Amino acid sequence: MANDIAPYSGPSIPGSPSRRGHWTGRFGFILAAVGSAVGLGNIWKFPYITGVYGGGAFVLVYLGCVVLVGLPLMISELMIGRRAQLNPVGAFQKLHYQGSPWQMTGWLGVASGFVILSFYSVVGGWAIAYIFKSMVGFTGTAGEIQSQFGDLVGSTIASVGWHTIFMALTIGIVLGGIKNGIERWAKILMPALLFILIGLMVHGLFNTDGGSQAVAFLFNPDWSKLTADGILSALGHAFFTLSLGMGAMITYGSYMRRDAKIGRDAVTISILDTVIALLAGLAIFSLVFSYGLEAGAGPGLIFETLPVLFADAGRLISVPFFFLLTFAALSSSISLLEVVVSYFVDQRGWGRTKATWVQGFLMYLVGITCATWGSVFDTFDYFSTNFMLPVGGLLTCLFVAWVVKNSVRIEEFGSSGLLYKALIFVLRYVTPIAVLITLLHGLELLPFMSYEE
Ligand code: PFF
């Protein structure tokens with residue numbers, strides 16, 4: 001069988017496939033993977049979709065999606081990556097055969113990295129811009145403060161300028177490689193992020209009078225507010241927030257050591273990602289409620305609604321908040337660039353420095369179109385989240401469930417017991433159906449839903 005390849009043994013042996021960089025240990029890998037997972041999706045998107053779909057009931061459904069779709073897929077991606085010790089394209093080839101059609105899944109992943117980073121970096125740039133805006137302080141009427149965001153988005157020079165800074169930071173970190181770039185920075189950015197987040201949450205819960213309302217909103221399910229649309233958005237979000245469906249976890253998995261336990265690590269990453277999203281929700285909603293505002297503000301929650309509160313809450317809250325957002329975005333953007341870089345390094349034989357500069361620059365150029373034209377930004381965002389990631393995830397899960405040999409899967413998972421059997425059952429019958437439904441919904445093709453405006 002073509003996929004009957006032996007696992008590599010041990011970390012860096014010059015001249016073997018394991019010459020590629022590896023994480024220094026479990027802690028480094030977990031921080032880097034949590035860094036990839038925790039991003040704009042957690043701080044910007046999770047609170048606003050939770051707000052729109054009514055709180056607690058949405059959160060419960062989302063948790064179900066993480067367990068039934070997110071976790072099995074993350075385990076699958078890590079297994080593929082660690083087994084092959086290659087980028088997504090090379091990994092599908094190595095686990096099947098050279099020229100196998102499954103390599104298209106890897107290609108789709110590399111393309112998704114390109115598309116997502118080009119708009120992600122624009123939002124990352126706005127986050128940096130808001131660090132400076134909050135240092136200066138938000139002043140004026142609510143309308144004036146909110147319109148600052150429209151002014152930033154509407155100014156090509158400003159948007160491109162901030163995007164340039166964000167991309168330069170991303171490229172700078174990836175240039176350092178796995179240990180000295182991605183892992184080292186994850187070890188700085190993630191603890192800083194957690195520290196700020198806990199500080200903001202404690203402030204929100206105990207220092208404002210919106211704390212108890214925020215807890216009730218997030219944890220008391222009101223099922224009447226949950227629509228079918230909400231359920232499917234929870235599924236789509238589980239994908240995006242865990243960085244699944246585009247080979248990021250395949251790539252990060254390829255730098256894992258043999259002794260790491262994939263199931264345990266995937267559970268840790270998923271729990272940390274979810275807890276961080278909930279902490280962000282608590283921090284944000286307690287502020288929002290303490291000012292008597294509505295939770296369902298939509299996408300403008302962070303850059304339009306919150307600055308109005310910050311004008312009163314002060315710099316001590318707003319400056320750390322936008323640092324938090326920037327750190328989250330940066331630790332995710334490096335994983336997006338790394339997917340593309342690893343492809344050029346493994347498959348095309350480029351050096352890391354050349355691959356990072358050339359591909360990073362190309363992504364930067366595409367990002368300029370997103371910073372300039374809102375329609376390009378929206379199309380990239382919509383297309384990648386609703387089409388590329390679900391298709392990539394669906395193919396990855398089918399590949400692991402039906403194509404990869406049982407013996408290979410058992411070796412990578414580390415056991416063949418009940419948990420393994422449950423995993424394979426879910427991967428075969430539950431995850432693909434759930435993803436297919438999300439995909440059809442994202443493309444507005446579900447027959448029983450109404451998609452009229
Ligand atoms: N997980 C990131 C977030 O929640 O913002 C987004 C993301 C990063 C998606 C990396 C995909 C990826 F490969």
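In each ligand, atom 1 is the first atom listed, and ligand 1 is the first ligand listed. One-based numbering along the sequence shown. Since the structure is predicted, the reported quantities are computational estimates derived from the model, not experimental observations.
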Classify the angle between the aromatic ring planes of [X] and [Y] as parallel (below 30°), tilted (30 to 60°) or perpendicular (above 60°).
X	Y	answer
Phe240	Tyr120	tilted
Trp23	Tyr255	perpendicular
Phe327	Phe323	tilted

Checklist entry - When rounded to the nearest 0.5 angstrom, what is the spacing between CH2 in Trp102 and CG in Leu95? => result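 Here the rounded value is 12.0 Å.
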Checklist entry - Taking side chain as C-beta onward, heavy atoms only, is Arg352 less than 4.5 Å from Val174? => result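 With C-beta onward as the side chain, the pair touches.
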Item to check | Close side-chain approach of Ile317 and Leu309, heavy atoms under 4.5 Å | outcome: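 No, side chains not in contact.
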Item to check | Every residue of the protein that comes under 4.0 Å of ligand 1, judged on heavy atoms | outcome: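 Under the 4.0 Å cut-off, ligand 1 touches Ser36, Ala37, Gly39, Leu40, Gly41, Asn42, Tyr120, Phe240, Thr241, Ser243, Met246, Ala248, Ser332, Ser335, Leu336.
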